[in-house]
Amino acid sequence: LPGSDSLGEESGLDDTRGHLLWIIDPVDGTTNLVHGLPHCGIAVGLYDSGEPVLGVVQNPFSRITYYAEAGRGSFERSCENPRSDRRLRVSDVRTLDSALSSFGLSYDRSHADSLFRVVAAVFERSQDLRRSGSAALDLVAVARGNLDLHIEPLSRPWDIAASSIILHEAGGVVTDWDGHEISWLERLGGSQVLASNRWLHEELIDVVQSATTLASRS
């Protein structure tokens, strides 16, 4: 795509007005990779005039690729059997007490206290809690129906942009902690993230906002 721009952790973006923009994270889950844990993702998203067009996330260890095109659904493809793509759909879990939740951490430790208060509140209400170390793969897990929701205290566009499209096309929702839709070109510095199977989103927002209100009073 001649004339398109790119945005990633290693490259900034001076002008967001261009029509076609690749948002790329060559390794999401770097700490896992450094320590030899086989769980990380290569994430590539394409946006046109600020709107998502497609997203691709691959786990190079499992050799499974997850992809979505706006309006055409989300799919996974195994490198071992590339002709048998499977459509992705979020879970049908309707109450938080039946939900498997996950969360991510920020390198900025100043977010730790508020995050762990929120995570504790969600853990008290949900079935169980997980932490994997790759936001891109966590959102894919919500899209696959393996997880029901995910919480991030601060995600950059390259962490989430590709997997957000995949989750949306699988029937899920991604917002900030206040329930507002995230426009990544307006939040280049990052955003809090709540991702869910849609059914749980309002309940999740209520729990998160109650936990943050209590944290601000203490």
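We're numbering straight along the sequence, starting at 1. Computed from a predicted structure; not experimentally measured.
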Hey, could you give me the [atom1]/[atom2] distance between [X] and [Y], rounded to the nearest 0.5 Å?
X      : Y      : atom1 : atom2 : answer
Leu20  : Ser49  : CG    : OG    : 7.0 Å
Leu1   : Leu46  : CG    : CG    : 6.5 Å
Leu7   : Leu21  : CG    : CG    : 5.5 Å
Ile23  : Tyr47  : CD1   : OH    : 5.5 Å
Ser114 : Gln192 : OG    : CD    : 7.0 Å
Leu154 : Arg187 : CG    : CZ    : 11.0 Å

May I ask you to check whether [X] and [Y] show a side-chain donor-acceptor distance below 3.5 Å?
X      : Y      : result
Ser102 : His150 : yes
Gln58  : Thr65  : yes
Asn81  : Ser78  : no
Ser191 : Asp176 : no
Ser110 : Asp108 : yes
Tyr67  : Asp85  : yes
Ser4   : Trp22  : yes
Thr175 : His180 : no

Check for me, please, whether [X] and [Y] land in the same ILVMFWY cluster - side-chain distances under 4.5 Å, paths through other members count.
X      : Y      : value
Leu105 : Leu139 : no
Ile64  : Phe61  : no
Ile151 : Phe116 : yes
Leu147 : Val93  : no
Leu185 : Val193 : yes

Check: [X] side chain, [Y] main-chain N or O, donor-acceptor pair, under 3.5 Å:
X      : Y      : result
Arg89  : Ala170 : no
Asn32  : His39  : yes
Ser91  : Gly145 : no
Ser155 : Glu152 : no
Asn197 : Leu200 : yes

Considering all heavy atoms, the nearest [X]-[Y] contact:
X      : Y      : answer
Ile205 : Gly179 : CD1-CA, 3.5 Å
Ile160 : Ala135 : CD1-CB, 3.7 Å
Tyr66  : Leu88  : CD2-CD1, 4.2 Å
Ala211 : Ala121 : CB-CB, 3.9 Å
Gly29  : Cys40  : O-CB, 3.8 Å
Ser196 : His201 : OG-ND1, 2.7 Å

Side chains of [X] and [Y] in contact at under 4.5 Å (non-hydrogen atoms):
X      : Y      : result
Leu149 : Val142 : no
Ser106 : Leu115 : no
Val119 : Arg117 : no
Thr30  : Val27  : yes
Val174 : Leu194 : no
Val207 : Leu96  : yes
Leu100 : Arg130 : yes
Arg63  : Asn59  : no

A quick test of your reading: do over 12 heavy atoms of other residues, nucleotides or ligands sit less than 6.0 Å from [atom1] of [X]?
X      : atom1 : result
Trp199 : CH2   : no
Phe123 : CZ    : no
Arg72  : CZ    : no

(message) I'd like to know whether Leu137 forms a side chain to side chain contact (heavy atoms under 4.5 Å, CB included) with Val57, so could you lay out the CA-CA distance, the side-chain angles of the two residues, the decisive distance to 0.1 Å, and finally the verdict.
(response) CA-CA 8 Å; Leu137 291 179; Val57 175; 3.8 Å; yes
(message) Between Thr212 and Trp177, does the side chain to side chain contact (heavy atoms under 4.5 Å, CB included) criterion hold? Intermediate values first, please.
(response) CA-CA 10 Å; Thr212 54; Trp177 285 14; 3.9 Å; yes
(request) Go through the steps to decide whether Leu54 and Ile165 satisfy the test side chain to side chain contact (heavy atoms under 4.5 Å, CB included), and finish with yes or no. (result) CA-CA 7 Å; Leu54 63 86; Ile165 305 170; 5.6 Å; no
(request) Tell me, please, which residues at least two apart from Glu51 pass salt bridge (Lys or Arg N to Asp or Glu O under 4.0 Å). (result) none
(request) For Glu76, check salt bridge (Lys or Arg N to Asp or Glu O under 4.0 Å) against everything at least two apart and list the hits. (result) Arg86, Arg144
(request) Report the C-alpha separation of Leu33 and Leu37 in whole Å, then their side-chain angles, then the decisive distance to 0.1 Å, and conclude whether the side chain to side chain contact (heavy atoms under 4.5 Å, CB included) test is met. (result) CA-CA 6 Å; Leu33 183 64; Leu37 289 172; over 6 Å; no
(message) If we check side-chain contact (heavy atoms from CB on, under 4.5 Å) with Ser101, which of these qualifies: Leu129, Asp148, Asp128?
(response) Leu129
